[in-house]
Structure formats: C-alpha cells, structure tokens
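Below you'll find the structure, written out as structure tokens, and then a few comments.
Index from 1, following the sequence. What's counted below: heavy atoms across the whole structure, side chains too, no hydrogens, waters or symmetry copies. Whatever order the structure lists ligands and atoms in, that order sets their numbers, starting from 1.
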Amino acid sequence: MNDIEKIMRMAPVIPVLVIEDVSEARAIAEALVAGGLNVLEVTLRTEGALEVIKRMNLVKGAIVGAGTVTNKNQLEDALAAGAEFIVSPGLTEPLGNAAIKSGIPFLPGVANAGDIMRGMDMGLDHFKFFPATASGGIPALKALSAPFYECKFCPTGGISYETAPSWLDLDPVLCVGGSWVAPKGASPAEIERLASEAASLGA
Ligand code: 3PG
C-alpha cells in the first residue's frame, strides 16, 4: 500500500477546510481529531492557509495536508509549511511531475477518462474525483471505474453526510472529501459533533 492510500484509508471523510481566521485553526483541528477525523485538507484559498497548516500540525494525531494546490510554487510553499500530503483540483504535468519528484503523497483531481489516463502515464492511480457531483456523480464514477479498475478515488464536491454512504459503498472509493464537517462559523463543539457523525460512516 503506498502512502497516499494509507492516508485515504485513515478515515472515511477528509474535511476540506477553508479557514479565514488563523487563530481558530488549532481549535478546529482539535475538534476534528477528537471527533475521529484525523486527515485534514487545508485549502490554499485563504491568506493565512500556510500558517493554518503550521498550527494544525501542532495538534496531536492530525495529518495535515494542503488542498487547492494548483501549481509548483504553491506546492513548494505547502511543503515548506509542513504539509504531509497534497491535493489538487486537477492534474497538470508541471505540478504532477514536481509533486512526484518531491515524494510527498499526492492526490490530484480528475473528472474524466483523459485526466485519469494522464495521471496513469505519470504512474499515479489514486485520484480525487472532482467535482464529484457536478461531474456526473455516482454513475459517472462507476462508468470510469470499469476501464480504470486499478484506480482508487476520493470523490469530493457536493457530497454531504446524507450522500456520502452511497459513495463509500463503491469499491474504488476509499474515502470522500467534504466541507460540511467544518462549516463557516461553527463552534468547535459543533465541529466535533459533525466529525464524529462523519467518522462513523466508515464503521
Ligand atoms: C473542494 O474544494 O475540494 C470542494 O470544493 C469541496 O466541496 P464541498 O464544499 O462541496 O464539500
């Protein structure tokens, strides 16, 4: 089992985090880990995202990665901040080659057969299926998984607590990603409750 697969198998849901206020980072990570979700994807969509990664890394048990990584510069920044895995919404050769060269566990986004084939040409077989619901949902992933039977996926985008179980039932799906476990403005207690509900999806 390679490193990205180990990370994908740690919990049924990877929280996709958009953190505006750096001072909330540690409490949010603690709440997620306490609820049973220890793999955390911090999106590089906010000014303080790299600092959020550093602070969340101080939380015992948290495996903190960077999401929304779209180019080599962001990859380098994320690595310097201590990201333990990298998620991207799509796959380009410059980013893919740099991520592979760095050796960090890498989960690039794919939405169609051509994307998957480009990834496989680079030696990749673990992908984020993104945007999962808008790209055709479960029927689309089932259809893609027939020719690409050796690939594993983390569908993300438009998935909720209610819809996650049907995705997790698919053999090639190791986990799903979603922002619903840490909604904007939610208290740590509420986030812990949502995380523990999400963590139980894998039971
Ligand atoms: C992502 O950035 O991976 C997705 O936008 C998260 O999708 P969601 O907000 O629909 O869960």
Side-chain angles (χ1 to χ4, degrees), residues 4 7-8 10-20 24-25 28-29 31-32 35-50 52-53 56 63-71 74-75 77-78 81 83-92 95-96 99 104-112 115-116 119 124 126-138 140-141 144 151-168 170 172-186 190-191 193-199 201-202:
I4 192 64
I7 289 173
M8 292 168 81
M10 277 180 186
V13 179
I14 298 181
V16 176
L17 304 169
V18 184
I19 311 290
E20 304 281 354
E24 292 174 353
I28 291 172
L32 290 163
L37 300 183
N38 58 336
V39 176
L40 313 179
E41 177 188 335
V42 177
T43 62
L44 302 191
R45 286 180 219 176
T46 58
E47 218 176 292
L50 295 170
V52 169
I53 291 174
M56 288 192 165
I63 313 269
V64 185
T68 325
V69 175
T70 57
N71 58 51
Q74 287 180 326
L75 170 72
D77 289 346
E84 292 171 90
F85 64 96
I86 298 291
V87 184
S88 66
L91 180 59
T92 64
L95 176 63
I104 193 161
F106 178 47
L107 190 65
V110 294
N112 57 49
D115 291 346
I116 296 172
L124 301 168
H126 290 65
F127 301 104
K128 163 174 172 164
F129 179 48
F130 178 79
T133 306
S135 301
I138 288 172
L141 187 57
L144 287 167
C151 294
K152 304 287 184 207
F153 298 92
C154 171
T156 305
I159 299 180
S160 63
Y161 175 71
E162 287 71 28
T163 60
S166 336
W167 287 99
L168 291 165
L170 305 180
V173 171
L174 302 183
C175 60
V176 301
S179 60
W180 86 86
V181 285
K184 200 173 158 63
E190 174 67 356
I191 291 172
R193 188 188 69 73
L194 291 167
S196 96
E197 198 180 64
L201 290 171

Might you work through the side-chain contact (heavy atoms from CB on, under 4.5 Å) test for Tyr161 and Leu194, ending with a clear yes or no? CA-CA 9 Å; Tyr161 175 71; Leu194 291 167; over 6 Å; no

Indicate every side-chain donor-acceptor pair of residues 152-159 with a distance under 3.5 Å to a residue at least two apart or in another chain.
{"unit_1": "Thr156", "atom_1": "OG1", "unit_2": "Cys154", "atom_2": "O", "d": "3.4"}
{"unit_1": "Thr156", "atom_1": "OG1", "unit_2": "Gly177", "atom_2": "N", "d": "3.4"}

Kindly write out the residues that satisfy salt bridge (Lys or Arg N to Asp or Glu O under 4.0 Å) with Asp115, not counting sequence neighbours, or none if the list is empty. Arg118

Can you name the side-chain hydrogen bond (donor to acceptor under 3.5 Å, both in side chains) partners of Thr133, sequence neighbours left out? none

Within the 4.0 Å heavy-atom cut-off around ligand 1, the contacting residues, ordered by chain and number, are Val16, Arg45, Lys128, Phe130, Thr156, Gly157, Gly158, Gly178, Ser179

Taking Ser135 for the side chain and Ala111 for the main chain, is one N or O donor matched with an acceptor at less than 3.5 Å? no

Using the side-chain contact (heavy atoms from CB on, under 4.5 Å) rule, take Ile86 and Leu107 through it: C-alpha gap first, then chi angles, then the decisive distance, then the call. CA-CA 6 Å; Ile86 298 291; Leu107 190 65; over 6 Å; no

